[in-house]
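Have a look at the structure below, then the notes.
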Amino acid sequence: MESQSQTLITQPLPLFFTFFITIYAFSYLLIFKSWSPKTRPEACSCIISFLHGTPAVFLSLSAITTTSSTSFSAANTHRQNTVLEYSIAYFLTDLIHYLIFYPNDILFIGHHVATLFVFLTCRYVTLHGACAILGLLIIAEVTSACQNAWTLAGLRKDDVAFAKKVYERLSLPFYGFYSVVRGLVGPYYVYKMTSFYYINSNSNSNSGELFMIPMWVWVSWVVVVVMAISVSILWVSNLWVDFFRNKRDSYSYGGDHKLEIKKLD
């Protein structure tokens with residue numbers, strides 16, 4: 001019994017996974033039971049994302065700032081591994097969500113599988129590089145609270161007036177915040193990370209630490225992150241296009257409406 005308890009403490013992944021699965025089931029069966037079958041699963045996904053995103057940002061910051069080395073090739077600390085397992089549990093749960101309710105959404109399924117590959121290799125294969133990966137996690141999740149609120153409001157904006165108002169109020173600041181993080185901060189961070197690994201991959205400048213991260217691993221990390229950021233930039237660009245198109249159409253409608261009233265007069 002003591003051995004089992006010690007395992008849960010040192011390897012909390014099963015506990016985290018149970019937590020996210022339980023929250024998802026609770027949301028599906030109780031919180032959103034009156035929502036339509038189309039919006040219900042997505043709302044549940046937003047709830048577990050709320051419980052992962054912002055906590056992951058603060059946990060990652062704590063895990064990075066309390067370690068003796070913040071090198072991109074440093075050995076993982078216990079606290080960093082715990083944060084990695086917390087995120088692995090979330091992405092496993094959300095992947096199951098997509099496989100059950102949206103099996104044809106290849107883009108998001110591929111994104112989750114690739115993200116899990118990065119976390120799993122950092123946690124269980126190399127046991128090094130968590131500072132780099134948690135830095136990426138901060139960039140990826142710092143916008144999640146705003147995005148989830150925006151998504152939830154968007155799911156009900158057509159039938160709830162308050163949801164429509166929240167959606168419209170959040171859209172512009174969310175698009176701007178997301179664009180800065182994914183369009184500027186993200187690419188710069190990946191550039192610094194890639195430069196570090198490339199320059200130091202054949203050197204002993206970090207006491208051999210980098211050699212604990214095989215080239216195929218860090219190159220695959222970079223490829224996955226570059227693809228994810230590219231898709232994010234494309235996604236938010238489409239949102240901006242729709243935003244300005246809707247603005248133009250509303251102005252156009254307003255002008256035409258005034259002309260029609262003047263003609264009637």
Side-chain angles (χ1 to χ4, degrees), residues 11-60 82-124 133-134 136-160 163 166-167 170 174 178 182 224-225 227-232 234-236 238-239:
Q11 295 184 347
L13 177 58
L15 190 62
F16 291 149
F17 182 66
T18 302
F19 167 73
F20 282 114
I21 286 289
T22 302
I23 294 299
Y24 188 98
F26 180 79
S27 300
Y28 191 86
L29 296 174
L30 293 175
I31 298 177
F32 300 112
K33 66 178 181 179
S34 63
W35 287 37
S36 71
K38 183 178 179 181
T39 59
R40 194 175 175 188
E42 189 64 19
C44 296
S45 178
C46 284
I47 292 299
I48 61 171
S49 182
F50 266 124
L51 294 175
H52 168 256
T54 302
V57 170
F58 289 105
L59 289 170
S60 297
T82 300
V83 181
L84 289 171
E85 291 189 36
Y86 186 70
S87 292
I88 290 169
Y90 160 71
F91 279 103
L92 279 174
T93 306
D94 210 42
L95 177 61
I96 293 171
H97 151 79
Y98 275 100
L99 290 174
I100 293 174
F101 294 105
Y102 309 103
N104 296 322
D105 197 337
I106 305 301
L107 185 63
F108 268 94
I109 291 174
H111 168 270
H112 280 27
V113 170
T115 301
L116 281 168
F117 167 81
V118 173
F119 286 135
L120 288 167
T121 51
C122 181
R123 171 63 183 91
Y124 297 108
I133 302 306
L134 294 183
L136 290 169
L137 182 61
I138 292 169
I139 293 170
E141 298 298 341
V142 72
T143 58
S144 67
C146 187
Q147 181 173 349
N148 285 314
W150 174 82
T151 301
L152 282 172
L155 292 174
R156 299 301 303 270
K157 64 182 174 65
D158 293 332
D159 47 44
V160 178
V166 171
Y167 179 83
L170 277 179
F174 167 58
Y178 192 93
R182 298 299 180 96
V224 167
V225 175
M227 290 177 63
I229 289 178
S230 299
V231 171
S232 297
L234 178 62
W235 180 72
V236 77
N238 289 332
L239 291 178

With rounding to the nearest 0.5 angstrom, report the [atom1] to [atom2] distance, [X] to [Y].
| X | Y | atom1 | atom2 | answer |
| --- | --- | --- | --- | --- |
| Ile48 | Ile21 | CD1 | CD1 | 7.5 Å |
| Asn148 | Ser45 | CG | OG | 7.5 Å |
| Ile31 | Lys33 | CD1 | NZ | 11.5 Å |
| Trp35 | Thr39 | CH2 | OG1 | 5.5 Å |

### Trace of the side-chain contact (heavy atoms from CB on, under 4.5 Å) decision for Ile23 with Thr93
CA-CA 10 Å; Ile23 294 299; Thr93 306; over 6 Å; no
### Query
Taking only residues two or more places apart in sequence or in another chain, which ones pass side-chain hydrogen bond (donor to acceptor under 3.5 Å, both in side chains) with Ser87?
His52
### Task
Please name all residues satisfying side-chain hydrogen bond (donor to acceptor under 3.5 Å, both in side chains) with Asn104, sequence neighbours left out, ordered by chain then number.
none
Pairwise side-chain contact, [X] with [Y], heavy-atom cut-off 4.5 Å (strictly under):
| X | Y | result |
| --- | --- | --- |
| Thr54 | Glu141 | no |
| His111 | Met227 | no |
| Leu84 | Leu137 | no |
| Leu136 | Ile133 | yes |
| Trp150 | Leu239 | yes |
| Tyr24 | Ile47 | no |

Backbone of [Y] reached by a side-chain donor or acceptor of [X] within 3.5 Å:
| X | Y | value |
| --- | --- | --- |
| Ser49 | Cys46 | no |
| Asp94 | Tyr90 | no |
| Ser60 | Ala56 | yes |

### Message
With a 6.0 Å cut-off (strictly less than), is the heavy-atom count around CZ of Phe108, excluding the residue itself, greater than 12?
### Response
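At most 12 heavy atoms, drawn from other residues, nucleotides or ligands, come within 6.0 Å of this atom.
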### Query
side-chain contact (heavy atoms from CB on, under 4.5 Å) between Tyr86 and Phe19: does it pass, once the steps are laid out?
CA-CA 10 Å; Tyr86 186 70; Phe19 167 73; 4.3 Å; yes
Using every non-hydrogen atom in the two residues, find where [X] and [Y] come nearest and quote the distance to one decimal.
| X | Y | result |
| --- | --- | --- |
| Arg182 | Thr143 | NH2-OG1, 4.2 Å |
| Pro41 | His97 | O-CE1, 3.2 Å |
| Pro103 | Ile109 | O-CD1, 3.6 Å |
| Cys44 | Phe32 | SG-CD1, 3.9 Å |

### Query
Looking at Phe174 versus Tyr167, is the centre-to-centre ring distance below 6.0 Å?
no
### Query
Is the distance between the ring centroids of Tyr28 and Phe101 under 6.0 Å?
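Yes: the rings meet the under 6.0 Å criterion.
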Set of residues satisfying side chain to side chain contact (heavy atoms under 4.5 Å, CB included) with respect to [X], sequence neighbours excluded:
| X | result |
| --- | --- |
| Thr121 | Phe117, Val125, Val217, Trp221 |
| Ser230 | Val226 |
| Leu107 | Asp105, Val231 |
| Tyr124 | Leu13, Glu85, Ile88, Leu120 |

### Task
Go through Val225 and Ile229 one step at a time and tell me if the side-chain contact (heavy atoms from CB on, under 4.5 Å) criterion holds.
CA-CA 6 Å; Val225 175; Ile229 289 178; 3.9 Å; yes
### Task
Apply the test side-chain contact (heavy atoms from CB on, under 4.5 Å) to residues Phe50 and Leu152: give CA-CA distance (whole Å), side-chain angles for both, the deciding distance (0.1 Å), then the verdict.
CA-CA 11 Å; Phe50 266 124; Leu152 282 172; 3.6 Å; yes
### Message
Quiz question: by atom type and distance under 3.5 Å, do the side chains of Tyr178 and Ser232 form a donor-acceptor pair?
### Response
yes
### Query
When you look at His112 and Tyr98, which way does the side chain to side chain donor-acceptor pair (under 3.5 Å) test go after all the steps?
CA-CA 9 Å; His112 280 27; Tyr98 275 100; 5.5 Å; no
